[in-house]
Amino acid sequence: MYSEKVMDHFTNPRNVGEIKNADGIGEVGNPKCGDIMKMYLKIEDGVITDVKFKTFGCGAAIATSSMATELVKGKTIEEALKVTNKRVAEELGGLPSAKLHCSLLAEQAIKAALLDYAKKNNIEIEELKDFDPNEDPHHH
Amino acid sequence: MYSEKVMDHFTNPRNVGEIKNADGIGEVGNPKCGDIMKMYLKIEDGVITDVKFKTFGCGAAIATSSMATELVKGKTIEEALKVTNKRVAEELGGLPSAKLHCSLLAEQAIKAALLDYAKKNNIEIEELKDFDPNEDPHHH
Amino acid sequence: MATKVYMDYAATTPVKKEVLDSMIPYYTEKYGNPSSVYSLGRESRKTIDESREKIANILGANPKEIYFTSGGSEADNWAIKAVAMANKDKGNHIITSKIEHHAVLHTCEYLEKHGFEVTYLDVDEYGMVDLEQLKKSITDKTILISIMFANNEIGTIQPIKEIGQIAREKGVYFHTDAVQAVGNVKIDVNELNIDMMSMSAHKIYGPKGIGALYIKKGVKIDPHIHGGAQERKRRAGTENVAGIVGFAKAMELAYENLEEHISKLTKLRDKLINDVKNKIDYVRLNGHPEKRLPGNASFCIEFIEGEALLLNLDMAGIAASSGSACTSGSLDPSHVLMAIGLPHEIAHGSLRLTLGDFTTEKDVDYVVEKLVEIVDRLRQMSPLYEKVKGV
Amino acid sequence: MATKVYMDYAATTPVKKEVLDSMIPYYTEKYGNPSSVYSLGRESRKTIDESREKIANILGANPKEIYFTSGGSEADNWAIKAVAMANKDKGNHIITSKIEHHAVLHTCEYLEKHGFEVTYLDVDEYGMVDLEQLKKSITDKTILISIMFANNEIGTIQPIKEIGQIAREKGVYFHTDAVQAVGNVKIDVNELNIDMMSMSAHKIYGPKGIGALYIKKGVKIDPHIHGGAQERKRRAGTENVAGIVGFAKAMELAYENLEEHISKLTKLRDKLINDVKNKIDYVRLNGHPEKRLPGNASFCIEFIEGEALLLNLDMAGIAASSGSACTSGSLDPSHVLMAIGLPHEIAHGSLRLTLGDFTTEKDVDYVVEKLVEIVDRLRQMSPLYEKVKGV
Ligand SMILES: Cc1ncc(COP(=O)(O)O)c(C=O)c1O
Ligand SMILES: Cc1ncc(COP(=O)(O)O)c(C=O)c1O
């Protein structure tokens with residue numbers, strides 16, 4: 001069902017946990033749908049120096065969270081904004097179609113954390129102008 | 001499917017053949033329905049001294065013919081007239097319900113042969129007054 | 001990882017050795033078509049008749065009331081669709097419950113698209129139907145009540161005799177999906193007022209792909225598969241002779257040892273339930289505390305999601321199941337967990353452990369040990385647990 | 001008497017050793033439910049997928065177009081009823097032939113009772129449908145043509161590709177019951193313009209109780225069994241994993257050795273036909289002289305009745321079959337023999353000998369020897385033979 005890469009990230013998720021005094025925190029999803037992702041970012045000079053996550057969700061949700069943290073760690077905000085759900089899924093060697101929404105959730109969790117950072121620091125991030133972290137990626 | 005008795009009479013039918021110059025010959029059934037029975041009787045002083053049959057038909061048709069010949073051999077005409085289809089079936093240890101019509105055919109073949117004997121000898125047999133050998137026992 | 005502990009007997013069971021042994025000759029030397037008149041065929045016919053008789057005797061039925069099918073789903077479909085079609089001049093209303101197997105529910109939904117009306121009865125928090133609601137739901141147009149004997153997810157056993165009684169008083173047919181109950185409960189179809197009953201062999205250590213529908217004499221029902229004269233012209237197709245033999249053997253074994261089976265499983269199950277409750281907090285038992293299948297332990301483990309749990313259990317060599325949404329690829333948790341009133345977020349953490357004849361106390365201990373570890377690990381990464389614990 | 005010579009391969013076949021061997025593990029250690037997410041379940045799922053692929057490849061189909069059923073009868077019922085239901089807004093007319101298997105004919109008769117109209121095409125003396133009559137029978141309301149690939153009684157093979165072509169040109173679905181053709185004829189569903197095709201494993205040395213329906217992508221058809229998500233939600237029920245594996249193995253074996261199988265059987269069959277014709281007078285061969293199944297030899301032996309013949313053959317250890325009325329308990333001979341224009345009295349003497357992979361030349365010799373004796377004995381007691389011979 002899941003690729004080896006997914007199973008690896010599910011079994012040994014990278015960057016699990018939380019960051020005290022994080023610069024940005026994003027939480028997306030809702031427990032009714034069975035997935036919640038919470039991302040913590042440490043940002044210094046526009047670079048993501050540390051990232052942690054906590055996820056309530058299925059195997060794919062945990063693996064995509066883990067992969068997403070790897071993909072943004074050490075990157076600039078601009079680079080992080082380019083980490084799309086498609087990219088996360090690809091890096092994991094693909095996801096079953098019923099699980100693609102999990103990768104969307106990962107993308108959104110990062111964006112939500114960045115939005116939180118921007119708000120706290122009174123920065124305007126052009127790419128997040130229309131982003132609503134409470135929008136439900138499940139479309140149901 | 002068939003009782004042992006039926007199989008015995010089917011495999012080793014008694015009294016197969018024909019009687020030259022028979023005193024009475026009866027043929028009933030029709031090939032469309034898959035059974036024809038032909039009975040030959042030798043009758044002396046009102047007693048059936050010999051009987052033979054030929055049958056085109058299924059296992060039950062052959063077995064009932066055989067049993068019927070055994071039941072009438074050596075009997076008076078009156079006694080032979082009492083050999084009903086029920087009696088033939090009983091003596092064979094029963095017949096599958098789909099095959100009961102075969103025993104009726106055997107009863108009718110004997111009656112037809114007796115009627116033939118009666119006609120040839122200008123005798124009136126009370127019991128055969130209403131008997132029609134061409135009546136189809138299948139009722140279809 | 002290879003399966004070390006199988007705790008999903010409600011999903012399916014291995015075929016017992018005696019069962020398989022009874023089947024093999026019907027694949028090899030005794031292969032005759034039961035409809036053939038020669039000895040090889042008659043032998044198959046006789047075997048089918050004997051198997052039918054064995055099953056009928058166990059259930060207090062007449063052999064002529066047992067019709068073999070390809071399994072439980074087919075039996076459910078047949079019973080419901082064909083009673084509906086055969087009785088539509090009498091009425092178009094069917095009553096069932098919200099916690100039926102999909103083979104019943106989706107069949108009812110199909111009939112709804114074709115002019116039938118279906119009442120889906122509620123169940124209480126334990127998964128029990130309400131007999132008063134049932135009575136009130138019956139109208140002049142009601143032709144069929146279909147209520148499952150025992151639920152596959154939460155194990156709850158319904159008051160079948162009482163339901164049958166109500167149906168009979170109102171002159172309505174009563175079908176029960178007994179796929180999970182057979183082999184775990186003593187069943188006398190007459191005593192329990194059952195008109196139709198679905199069964200499946202693979203839940204009781206028989207082969208997959210064979211089952212039966214009990215149809216009480218006199219029930220007005222259409223044939224299911226048209227064709228040859230098999231199954232008294234109601235279900236055509238060359239009979240799965242080996243499957244039928246295996247099914248009968250499995251039934252025999254199940255009912256020879258029923259009491260022992262029930263008491264052994266109940267003991268193991270209760271140990272499992274108690275250990276889980278004692279060692280893990282925020283856990284609830286789903287289903288009825290007493291009126292439940294002897295081998296069923298169904299939980300909701302809060303703050304974690306069922307699929308992640310199952311995958312971890314699988315990696316520990318434990319086979320289990322969940323009514324979680326993610327398992328099925330849909331987004332909503334199982335209709336059964338919803339019907340007993342669980343909130344979505346809790347239903348997502350459901351875990352079904354079902355025990356069977358090969359389960360040992362050691363298995364139970366191993367599962368509890370691993371479960372404690374896994375739940376702990378998953379909760380550590382759950383943002384929901386964090387909130388509760390106030391971390 | 002135990003069977004010495006089996007000559008009823010068209011009725012059913014023994015399961016080949018390789019086939020049974022491939023099945024056993026799925027009863028014992030690999031018993032997982034294919035719908036389960038743990039490894040034991042995933043393994044079953046994978047096996048089903050692989051089996052589906054094997055069968056699809058052999059038929060030139062896409063694996064997604066193969067749906068497993070409990071056999072040929074179910075496949076026929078599904079194809080016809082569910083296309084009828086799904087397309088009734090388009091029309092209510094179905095075309096079939098007079099010599100179809102009962103699984104097709106009785107299904108059509110059932111639909112006639114529910115508002116559909118059915119044309120039953122005639123066949124010629126060889127059992128061939130007339131393509132001109134077929135064309136003329138198609139109307140605006142025609143939604144389905146169902147013509148069997150090869151006939152089970154007389155072995156005649158229809159011009160499937162041409163029938164498919166006609167159906168396609170008229171925008172009508174084409175279903176073929178290929179239960180007898182599979183394993184005996186090379187089949188490419190696309191080349192032959194087939195939209196749906198019924199198959200059954202037990203005719204090709206696989207187990208009883210498993211078969212398949214090929215459904216071309218895009219065909220509008222209702223699901224057959226509602227319930228779980230098995231078979232792409234079109235045919236619910238826990239899969240008969242062992243049966244599916246055995247079916248795929250049997251298909252593989254059949255098509256690996258197809259040419260050898262055909263040439264061997266054709267040779268034996270022709271020897272049988274010639275010997276019977278040479279040694280017994282008043283015999284006719286039923287079915288097409290060339291366009292027939294390699295293993296089918298169907299005769300009418302005049303002046304004797306089929307059941308009596310079969311019983312005698314059985315006592316000589318020979319398993320054979322007949323389209324005689326008496327075999328079936330009905331009074332009319334088979335509809336197939338009637339449709340090819342045989343008079344009742346001759347149809348009553350029908351004998352079907354069907355050869356298979358375990359048939360030897362010695363078997364053929366033995367059957368001919370016994371047949372000569374038995375026919376002679378029965379004719380001696382037949383009042384019809386007496387007339388012909390003028391005895
Ligand atoms: C032509 C044909 N169609 C359908 C069937 C039915 O197949 P099954 O016995 O698998 O239901 C058979 C054999 O019985 C057959 O010969
Ligand atoms: C309650 C219930 N009904 C019906 C079924 C379907 O039975 P089968 O898999 O034999 O079609 C199952 C099991 O899958 C079940 O648990």
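Reminder, nothing fancy here: chain letters follow the sequence lines and each chain counts from 1. Excluded from the calculations below are hydrogen atoms, water molecules and symmetry mates; all remaining heavy atoms, backbone and side chain alike, are included.
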For A:Glu107, which residues count as a side chain to side chain contact (heavy atoms under 4.5 Å, CB included) partner, sequence neighbours excluded? A:Thr84, A:Asn85, A:Leu104, A:Lys111
Tell me, please, which residues at least two apart from C:Thr156 pass side chain to side chain contact (heavy atoms under 4.5 Å, CB included). C:Met128, C:Ile154, C:Gln158, C:His288
How long is the straight-line distance from OG1 of C:Thr13 back to CG of C:Asp357, given to the nearest 0.5 Å? 9.0 Å
Would you please say whether a donor-acceptor pair under 3.5 Å links the side chains of C:Glu345 and C:His348? no
Do [X] and [Y] sit within salt-bridge range, that is, some charged N less than 4.0 Å from a carboxylate O?
X        : Y        : result
A:Arg87  : A:Glu91  : yes
C:Arg284 : C:Glu302 : yes
C:Lys4   : C:Asp363 : no

Parallel, tilted or perpendicular for C:His102 and C:His106, by the 30°/60° rule? parallel
Output yes when a side-chain donor or acceptor of A:Ser3 lies under 3.5 Å from a complementary backbone atom of A:Leu92, and no otherwise. yes
Give a yes or no answer on whether the side chain of C:Lys203 reaches the backbone of C:Ala11 with a donor-acceptor pair at less than 3.5 Å. yes
Applying a criterion of heavy atom separation less than 4.5 Å, what residues of residues 59-76 of chain A form contacts with chain C? A:Gly59, A:Ala60, A:Ile62
Under 4.5 Å, heavy atom to heavy atom: which of residues 373-382 of chain C reach chain A? Give them by number, or say none. C:Arg377, C:Leu378, C:Gln380, C:Met381, C:Ser382
Please flag which part of A:Ser97 lies under 4.5 Å from any non-hydrogen atom of chain C: side chain, backbone, both or neither. neither
Give, as side chain, backbone, both or neither, the part of A:Pro96 having an atom under 4.5 angstrom from any heavy atom of chain C. neither
Please rank C:Ile346, C:Ile304, C:Leu309 by heavy-atom pairs under 4.5 Å with chain A and give me the top one. C:Ile304
